[in-house]
Amino acid sequence: MMENTVMLLITVPILFSLLFLVLGKSLYKILAWAFFIFGTVFSVLLVMDGTGRFEITGSNFAMIENVVLILEVLVILFIFFVSAKYKNWPTLGLAVIVAAISAYSYMNVAAIESASFNIDQFSQVMVLIVNIVGTAIILFATGYMDEYEEHRHLNRQKTFYFTMSFFIAAMNGLVMVDTLGWLYLFWELTTLCSFVLISYNMDEEGINNGFRALALNLVGGISFAIAIILLSTKFNISTLSGIGTEAASATVVALPAALLCIAGFAKSAQMPFHSWLLGAMVAPTPVSALLHSSTMVNAGVYIIVKLVPAFAGTSLGTAIAVYGSFTFVMCSALALSQRNAKRVLAYSTIANLGLIIASAGIGTPLAVAAAIMLILFHAISKALLFLCTGEIEHTIGSRDIEDMSGLIKKAPLLTILAALGMVSMLLPPFGVLLTKWVSMQAASQNPIVIVFLILGSALTTVYYAKWLGTIMSSTMDKNVVTHKKPETYFPLSFLGSAIVVTSILVFAIYDYFIRPQVETLLNAAPVISGQAGQFASEIGAFAYAAIFVVLALALLIYVATKNMFTPRKSSYYMCGENNLEMDRLMFRNGLCSYDKSNVSNIYLENTFGESKLTTIGYAISIILIVIALAGGVL
Amino acid sequence: MNVNDVLTAVLVLIGAPIIGCLAAGIDRKLTARLQGRVGPPLLQPYYDVKKLLSKDNMIVNESQNLYVVVYVAFMILSLLMLVFKADILMIIFVYTISSIALIVGGMSTGSPYARIGSSREIMAILSYEPVLILYALAIYLVTGTFKLSAVLDASTPLLMYTPLIFIAMLFVLNIKLKKSPFDYSTSHHAHQELVKGMLTEYSGPGLAGIEIGHFYEYVFLTGLIFVFWTVNPLIGVLISIAAFLLVIVIDNITARVYWQWMLKLSWTLLLAISIVNIAFLYITKPTLV
Amino acid sequence: MSLAKSPWIIHVNCNSCNGCDIEVVACLTPLYDAERFGLLNIGTPKQADIMVVTGSVNYKSVNVLKNIYNQIPDPKVVLAVGACASTGGIFHDCYNVIGGVDQIIPVDAYVPGCCPKPEAIIDGVVAALSILENKKKGNIRGKEVKLKGKEVASNA
């Protein structure tokens with residue numbers, strides 16, 4: 001039963017991608033709805049099937065193994081082809097290295113007899129994220145891409161949907177497969193898909209950024225491939241879960257574990273590799289949402305969390321924790337100076353992935369639980385925020401935060417959804433903050449990590465509060481007619497309600513998925529109890545139910561008292577010099593003509609600007625990685 | 001939830017605004033005396049709120065008073081959590097909700113004055129939030145738990161191990177009470193260069209709600225200072241009162257600074273002394289018993 | 001009695017020579033200390049109860065006056081401070097002057113003098129307070145003043 005579901009989860013998205021390729025544009029909406037329903041149903045089915053692992057042996061295995069080999073060769077050939085076509089020599093060089101390593105491993109590494117799939121609770125969570133959030137994003141794209149292409153005179157939707165669906169297939173494989181060789185294939189496939197998607201616009205900027213993503217992820221891929229070779233030749237390990245079990249007896253796998261972590265850092269766009277994620281913002285918003293919330297970047301942290309048994313409690317683990325928390329604080333600081341909404345989200349994504357990595361690095365049961373929960377909550381909130389930004393861009397024609405002031409008047413529902421996404425990123429009782437709370441509690445033994453987390457958390461509050469205030473400010477009178485397409489608004493509302501529901505059910509989610517997972521990873525469960533709407537660890541308690549109750553109460557009181565005091569509308573205080581005919585924000589100046597008042601947020605570019613911090617960030621993060629590697633070798 | 005708890009909660013709900021109102025009255029009286037004036041009656045803040053409640057509800061948009069309700073509700077919740085000795089980290093996060101609600105409320109009116117005030121208040125968050133969380137961390141380091149009950153059960157005062165954080169917290173008190181030199185987002189007395197800053201567009205009942213929220217906030221913030229010396233509640237209360245009076249005196253003897261100045265002060269001096277204190281706690285590993 | 005104990009004023013300078021303004025501000029100084037009645041000089045009309053107007057009204061300031069009057073929530077009173085605000089004063093026949101404040105908005109109390117002493121201004125505020133109370137009791141509301149009236153010259 002489980003085998004069938006797993007196979008369907010990989011093959012049906014490929015089938016969908018082929019359907020997108022052959023069928024006409026008019027059918028895309030139906031296909032996307034079907035895909036969304038398929039993704040939801042089958043990922044839930046997989047959860048219903050329970051956990052376990054199964055092997056593929058015999059003739060089946062031989063057949064699939066051949067397919068895998070062919071695909072690997074094709075991937076490398078494709079990279080050769082595009083990098084030669086666009087004369088991108090660094091990428092070509094990296095591709096040569098990848099090819100050499102693959103050839104080496106093909107000749108020297110003993111062939112495996114069987115491949116295994118391992119469905120544990122973490123895989124289930126990831127499958128849920130990928131298939132529900134991911135397909136919701138594709139559904140959103142059907143309402144988004146027509147307008148996007150119209151603005152840019154493009155006609156590449158076939159490629160777009162093909163790659164997006166293929167990406168989901170690759171990602172499904174990545175989170176379920178246990179054999180490292182196959183995992184590597186899926187890993188490279190996601191890299192490749194991300195290249196195609198990022199360079200979607202086919203202009204110079206898009207292609208350059210696509211190659212940057214490709215090159216940096218190839219660096220990670222090389223690191224991954226070396227780790228596989230080391231593992232199989234020296235330790236005779238060929239599965240991901242094998243690293244964990246082996247690590248329990250000996251700590252010798254630290255070097256390959258560190259190499260795999262570096263692959264994860266590259267995929268999760270951590271500090272020295274983070275430029276690819278920023279560059280990826282040139283792609284259409286659904287691509288950003290898919291890559292940076294639910295799939296691509298999660299692959300990196302997925303691997304790192306899976307490797308927790310290999311470094312929990314070791315100096316390597318501490319180095320990773322410091323490194324992750326450093327990325328968290330650095331990228332939060334960088335996000336503070338950004339006016340471009342997508343760049344803010346990009347930095348926020350990197351920062352949160354840093355937080356996940358920091359939690360994984362700490363390696364206590366509590367911290368690992370926080371890491372897994374953060375992956376889940378972050379994926380939903382960030383997907384919503386990216387999609388909202390895309391929709392806002394289509395509504396007001398800009399992604400500059402300053403231009404978004406007055407949005408609540410123009411598109412109330414969209415604004416409320418975006419505000420929900422932001423609030424869920426920075427305030428309790430929502431999941432992201434709850435997990436931040438858990439990770440802070442877990443990190444409190446490590447002075448450097450906790451200080452970084454505290455600073456980063458304050459910075460996070462600031463840059464989201466700024467944006468939140470801007471979109472909520474009612475500075476406009478004019479209402480813009482928005483086209484409320486069901487394809488765009490359904491995924492947004494769906495993700496919005498998912499945030500609320502998952503935050504309310506946080507303890508059930510924890511109990512069902514995360515506690516058993518942490519037990520399998522570390523042989524110890526975090527001491528967390530949940531009574532009376534509390535999320536209580538042994539050193540603290542997070543009363544999320546109380547906050548929900550008070551929030552509901554506040555809304556009730558507001559509605560009840562709204563008309564108790566007769567409200568009277570009036571215009572702004574403008575020292576009496578209002579201009580009521582044209583625009584409420586206009587005032588009469590000394591020359592009897594009218595000026596518009598304009599207030600912008602504070603961005604602190606001189607302190608937290610990219611030009612000030614990026615170099616320092618590169619230097620320190622590279623030093624930290626070297627330390628992590630050194631810790632792995634010694 | 002037994003009868004005692006409910007009684008305490010009711011007592012806090014009713015008692016805190018009374019204390020806060022008196023504190024605000026003392027603040028105005030003392031300020032007047034320091035300026036050589038007679039000053040308003042002690043109950044003036046109460047009269048103000050009563051008057052505001054009887055005025056018209058003048059608004060610029062429908063949602064602006066929602067934020068006031070959220071602000072007051074979460075202010076009360078954070079105070080209740082403090083009284084019931086909950087998780088200090090959690091309390092600070094809940095307190096953040098109320099701060100953000102007020103900021104977004106100011107921004108939501110769209111008035112340029114309010115937006116500048118809110119922007120400055122956001123910078124204030126950047127200044128005090130790390131110090132507040134470091135304060136929570138210090139409590140964890142000396143007690144081994146984030147729950148405040150451990151501090152209250154101990155027989156040594158927290159202040160013994162966290163003198164530097166105490167100093168930093170005095171600054172936080174100053175920033176949060178919006179007293180000079182850090183009163184640039186909105187100020188309680190008279191008007192300033194931003195008219196009323198964040199609260200420019202609030203009037204009547206809405207402003208009354210904010211004032212009531214401020215009363216709770218007075219009690220909450222001095223409560224955070226009280227935690228430094230809970231062994232003998234009398235000394236704790238005295239320290240809190242002393243801290244509060246100190247803030248009023250500073251309010252009267254200093255002029256408003258740039259917000260940049262506050263940010264520099266906070267991210268250099270305050271963070272440095274807090275981190276030194278934290279480092280000291282990590283190295284010596286004292287336990288509060 | 002709730003209103004009389006905390007009168008918050010907004011000070012509007014229409015076209016004043018600044019003499020009355022200085023006297024209004026003098027009320028807040030330690031010598032006169034108007035705050036002992038709970039009186040505050042609040043910056044925004046949204047939070048004010050008493051509108052203290054100084055100076056005669058001219059074509060340029062007429063809309064400002066009306067705007068601010070409209071932005072004060074009820075109950076509210078208007079206090080005209082000084083000869084100019086009351087009647088137009090020595091400027092009453094200037095080419096650009098409309099006249100006293102009561103030409104534009106309803107005035108509840110007048111403080112004569114050029115310029116009035118601070119004691120007189122405080123006395124005027126206290127007199128305005130009882131009117132304020134009466135307005136609250138009788139639920140008398142200030143009318144929304146139309147911005148474009150006949151008194152506005154076309155070039156304003």
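Letters go in sequence order (proteins before strands), and every chain restarts at 1.
B/Leu137 has its side chain within reach of A/Ser444: a pair of non-hydrogen atoms, C-beta onward, lies under 4.5 Å apart. Between B/Ile97 and A/Leu551, the closest side-chain pair of non-hydrogen atoms is not below 4.5 Å. The side-chain heavy atoms of A/Ile547 and B/Leu77, taken from C-beta on, include a pair separated by under 4.5 Å. Looking at B/Tyr113 and A/Cys575, their side chains come closer than 4.5 Å, going by heavy atoms from C-beta outward.
Interface remark: of the candidates A/Thr561, A/Val451, A/Leu433, A/Thr607, A/Leu433 forms the most heavy-atom pairs closer than 4.5 Å to chain B. For the set A/Lys436, A/Met440, A/Met574, A/Lys569, the entry with the most heavy-atom pairs within less than 4.5 Å of chain B is A/Lys569. Chain A forms the most heavy-atom pairs under 4.5 Å with one residue out of B/Asn61, B/Val104, B/Leu126, and that residue is B/Leu126.
Using a 4.5 Å cut-off between heavy atoms, A/Ile450 contacts chain B through its side chain alone, with no backbone atom that close. Residue A/Asn606: no heavy atom, backbone or side chain, is found under 4.5 Å from chain B. With a 4.5 Å cut-off on non-hydrogen atoms, B/Leu53 touches chain A through its backbone and its side chain both. Of the atoms belonging to B/Ile122, heavy atoms from both backbone and side chain fall under 4.5 Å from chain A. When heavy atoms are compared at a cutoff of 4.5 Å, A/Leu604 approaches chain B solely by way of its side chain, counted from C-beta outward.
Rounding to the nearest 0.5 Å gives a distance of 7.5 Å between OH of A/Tyr572 and CD of B/Glu201. Note that OG of A/Ser473 is 12.5 Å distant from CD of B/Gln64, once rounded to the nearest 0.5 Å.
Taking 4.5 Å as the heavy-atom cut-off, the residues of residues 414-430 of chain A that approach chain B are A/Leu426, A/Leu427, A/Pro428, ordered by number. The stretch residues 462-471 of chain A places A/Val462, A/Ala465, A/Lys466, A/Leu468, A/Gly469, A/Thr470 near chain B, each with some heavy atom under 4.5 Å from a heavy atom of that chain.
Checked by atom type, the side-chain pair A/Gln445/B/Tyr140 shows a donor-acceptor distance below 3.5 Å.
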